[in-house]
Amino acid sequence: MSKKVLALIVLTAFALALGLAGCGSQQTAEQAKVLKVGMDAAFAPFEFQDDKSKDYTGFDVDLINAIGKQMGYEVKIQNTGFDGLIPALEAGNIDVIISAMTITEERAKKVNFSKPYYKSGLSIVVKSDNNTIKGFKDLEGKQIAVQIGSTGAVEAKKIKDAKIREFNTVPEAFLELKAGGVDAVVNDLPVNDYYIAKSGAKDAKLVGDLLTAEDYGIATTKKNAELAQKIDKALEELKTNGEYAKIFEKWFGKKPQ
Ligand code: ARG
């Protein structure tokens, strides 16, 4: 073998090794892409902790995991009180909020919202033996439990002479209803439905029509418009490839509206 050929082989091997090393470091940089996701994980079936494993589960959890995967990010969930989510996003402690959060004008002043990903609205839950409250009109002057910082709290406060009791989490509001401390809970319909179906069928019932039409959105900081765009793109792709519909059916037993 001539010296020239040998030198060429050595050089090629060297270049290859360099190239591979390059790929390697690129891969670790990719793997390090983490999406810090905030949610109030006490809002079944959207976000809650599995009784046994304590893992976070629900429609929002599956959806954000699928979005993260689509974007090439690893999703890390941080359980945060609902009224602390937007402050946490503004402080940079989390990158994203997915928490059955309604897109409102007020909130949109502080955060960017993705395209709507779920259609919801508010409804009323009362004890099953309550025959006087049949709709929102009947809530005047009544004691109403809501979650702090929720759209339910905002709407309930508009009801004449009602006494509003604010709880950190929705399960606490339901407990208070069960204990007879309040006359009604005003909260998102799909969560009320799930509560009644899963645990409270004997104790509680749904009354009246939907009070509001609300859309849930995924929130990101105003400082990172690119992230909001990436999330919208991923959401769109999941809608096109059928993954969104699959997750929807898993949690709601029907096809998306
Ligand atoms: N959709 C309502 C809102 O945005 C309630 C959301 C509460 N979410 C939760 N994970 N606790 O105000």
Side-chain angles (χ1 to χ4, degrees), residues 37-51 56-67 77 79 82-83 85 97-104 107 113-128 133 135-136 139 144-156 167-178 184-219 235 238-239 243-257:
V37 175
M39 60 174 58
D40 165 37
F43 208 63
F46 291 93
E47 45 267 329
F48 57 108
Q49 278 178 287
D50 184 86
D51 282 345
Y56 297 116
T57 182
F59 177 75
D60 284 351
V61 175
D62 284 350
L63 186 62
I64 200 66
N65 277 326
I67 288 175
I77 290 174
N79 195 3
F82 189 72
D83 63 337
L85 286 169
I97 301 169
I98 187 162
S99 198
M101 183 175 271
T102 302
I103 302 174
T104 68
R107 290 172 182 158
F113 277 110
S114 69
K115 297 257 162 58
Y117 71 87
Y118 186 92
K119 278 188 194 320
S120 187
L122 294 171
S123 75
I124 311 168
V125 180
V126 296
K127 279 189 135 183
S128 22
I133 300 176
F136 276 90
L139 290 178
I144 306 170
V146 295
Q147 178 172 34
I148 297 179
S150 67
T151 48
V154 173
E155 286 306 314
F167 293 87
N168 283 324
T169 67
V170 167
E172 287 169 87
F174 283 137
L175 271 179
E176 191 64 9
L177 178 72
K178 199 172 169 183
V185 173
V186 172
N187 182 49
D188 299 32
L189 174 67
V191 174
N192 293 343
D193 273 343
Y194 192 88
Y195 166 72
I196 290 169
K198 284 282 162 191
S199 53
K202 333 179 269 322
D203 313 306
K205 66 180 177 189
L206 215 61
V207 290
D209 301 323
L210 264 192
L211 174 67
T212 53
E214 304 186 8
D215 280 319
Y216 295 164
I218 301 167
L235 191 58
L238 296 175
K239 283 193 174 170
E243 187 70 19
Y244 173 89
K246 236 177 147 176
I247 298 172
F248 194 101
E249 278 197 74
K250 170 179 167 190
W251 288 103
F252 303 107
K254 57 182 182 203
K255 294 208 165 20
Q257 320 90 309

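Because the structure is a prediction, the values reported are computed rather than measured.
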Checking Ile196 against Leu206 for the side chain to side chain contact (heavy atoms under 4.5 Å, CB included) test, could you report, in this order, the C-alpha distance in whole Å, the side-chain angles of both residues, the deciding distance, and whether it holds?
CA-CA 8 Å; Ile196 290 169; Leu206 215 61; 4.0 Å; yes
Write down the atom of Ala245, the atom of Pro256, and the distance for their closest heavy-atom approach.
CA-CG, 3.8 Å
What are the two closest non-hydrogen atoms of Gly149 and Phe82, and how far apart are they?
O-CE2, 3.5 Å
Does the Ser99 side chain pair with the main chain of Asp40, one donor and one acceptor, at a distance under 3.5 Å?
yes
Which pair of heavy atoms, one from Val185 and one from Ala173, lies closest together, and at what distance?
CG2-O, 3.7 Å
Can you tell me how far the CD1 atom of Ile133 sits from the CG atom of Leu139, to the nearest 0.5 Å?
5.5 Å
Keeping Ser128 on the side-chain end and Lys202 on the backbone end, is there a donor-acceptor pair under 3.5 Å?
yes
Gln49 and Thr57, any side-chain heavy atoms less than 4.5 Å apart
no
The test is side chain to side chain donor-acceptor pair (under 3.5 Å); show your working for Ser123 and Asn192 and say whether it passes.
CA-CA 8 Å; Ser123 75; Asn192 293 343; 2.8 Å; yes
Measure centre to centre between the rings of Phe48 and Phe43, then say whether the value is under 6.0 Å.
no
How about Asp209: does its CG atom have over 12 heavy atoms from other parts shown lying under 6.0 Å from it?
no
May I ask you to decide whether Lys255 forms a salt bridge with Glu249, counting only side-chain N to carboxylate O separations under 4.0 Å?
yes
Atom CD in Glu47, atom CD1 in Ile77: separation rounded to 0.5 Å?
9.0 Å
Minimum heavy-atom separation for Ala184 and Ile124, please, with both atom names.
CB-CG2, 3.8 Å
Between Tyr118 and Asp215, is there a side-chain heavy-atom distance shorter than 4.5 Å?
no
Output the distance between atom CZ (Phe167) and atom CD (Glu176), rounded to the nearest 0.5 Å.
4.0 Å
Hey, mind stepping through Phe174 and Asp203 against side chain to side chain contact (heavy atoms under 4.5 Å, CB included) and telling me if it holds?
CA-CA 10 Å; Phe174 283 137; Asp203 313 306; over 6 Å; no
Sidechain-backbone polar pair: Glu172 side chain, Thr169 backbone, donor-acceptor under 3.5 Å:
yes
Shortest non-hydrogen separation from Ala100 to Tyr117 and the atoms involved
N-OH, 3.5 Å
Is the backbone N or O of Ile218 less than 3.5 Å from a side-chain atom of Ser114, with the two atoms forming a donor-acceptor pair by type?
yes
Nearest 0.5 Å, what's the CE-OG distance between Met101 and Ser150?
10.5 Å
Do Ser120 and Thr102 have side chains that get closer than 4.5 Å, going by heavy atoms?
no
Would you call Met39 and Val61 a side-chain contact if the rule is heavy atoms closer than 4.5 Å?
yes
Just wondering, do Leu122 and Leu189 contact through their side chains at under 4.5 Å, heavy atoms?
no
Can you check whether Lys178's main-chain N or O pairs, donor with acceptor, with Lys127's side chain at less than 3.5 Å?
yes
Closest non-hydrogen atoms of Ile247 and Phe59, given as atom of the first, atom of the second and distance, are CG2-CD1, 3.7 Å
From Leu210 atom CG to Asp188 atom CG, the distance as rounded to the nearest 0.5 Å:
10.0 Å
Does Ile98 reach the side chain of Leu63, with side-chain heavy atoms less than 4.5 Å apart?
yes
Between CD1 on residue Ile64 and CD1 on residue Ile97, distance to nearest 0.5 Å:
11.0 Å
Would you check if Tyr216 and Lys119 make a side-chain contact, meaning some heavy-atom pair closer than 4.5 Å?
no
Any chance you could lay out the side chain to side chain donor-acceptor pair (under 3.5 Å) test for Thr151 and Glu214, step after step, and finish with the verdict?
CA-CA 9 Å; Thr151 48; Glu214 304 186 8; 3.0 Å; yes
Residue list, side chain to side chain donor-acceptor pair (under 3.5 Å) with Asp62, at least two apart or on another chain
Lys250, Trp251
